[in-house]
Amino acid sequence: AQVDARLGWRETQKLHAARMENMAAKLVEYTSREQRLSDELRERGVELELERREHARLRGMHAEMWKETSVARRGRYEAELAASTAAEAAAAARDAAVREIS
């Protein structure tokens with residue numbers, strides 16, 4: 001009976017040791033998985049930050065281009081207005097000259 005009890009105890013110890021090994025292997029697996037996911041998350045965070053900076057840079061470029069375009073439009077508008085005013089003045093002078101001749 002004691003021999004059977006000792007064999008049972010030894011078997012229990014072997015099973016316990018096997019379970020502990022299995023749990024240790026799972027712990028290593030989970031730890032490495034956690035590390036891999038943490039690295040991936042950090043990498044994605046860096047990529048996201050780079051995308052945010054690029055977006056901000058493009059927004060700045062767009063704003064600058066908008067300002068330049070607005071200035072160019074304003075310049076064209078003023079030039080067209082000046083040309084139109086000059087054309088009206090020339091037409092008025094021509095009409096006045098025609099009236100004097102008539």
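Keep in mind that what you see is a predicted model, and the values were worked out from it rather than measured. Reckoned from all heavy atoms, side chains included, excluding hydrogens, waters and symmetry mates.
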Could you tabulate the donor-acceptor pairs under 3.5 Å formed by side-chain atoms of residues 58-80, not counting sequence neighbours?
from, atom 1, to, atom 2, distance (Å)
R59, NH1, H55, ND1, 3.0
T69, OG1, M65, O, 2.8
S70, OG, W66, O, 2.9

Rounded distance (nearest 0.5 Å) linking atom CD of E40 with atom CG of L37
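One finds 6.0 Å between CD of E40 and CG of L37.
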> Which is it for D39 and R36 under the salt bridge (charged side-chain N to carboxylate O under 4.0 Å, His left out) test, yes or no, and what are the steps along the way?
Replying inline: CA-CA 5 Å; D39 292 344; R36 190 176 69 249; over 6 Å; no
Does atom CD (E34) have a neighbourhood of more than 12 heavy atoms from anything else shown, all under 6.0 Å?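 For E34, atom CD is not crowded (no more than 12 foreign heavy atoms under 6.0 Å).
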Decide if atom CZ of R33 counts as having more than 12 heavy atoms of other residues, nucleotides or ligands within a radius under 6.0 Å.
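No - once you tally the heavy atoms of other residues, nucleotides and ligands closer than 6.0 Å, there are 12 at most.
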Which side-chain N or O atoms in residues 14-32 pair as donor and acceptor under 3.5 Å with protein atoms at least two apart or in another chain?
from, atom 1, to, atom 2, distance (Å)
T31, OG1, L27, O, 2.7
S32, OG, V28, O, 3.2
S32, OG, E29, O, 2.9

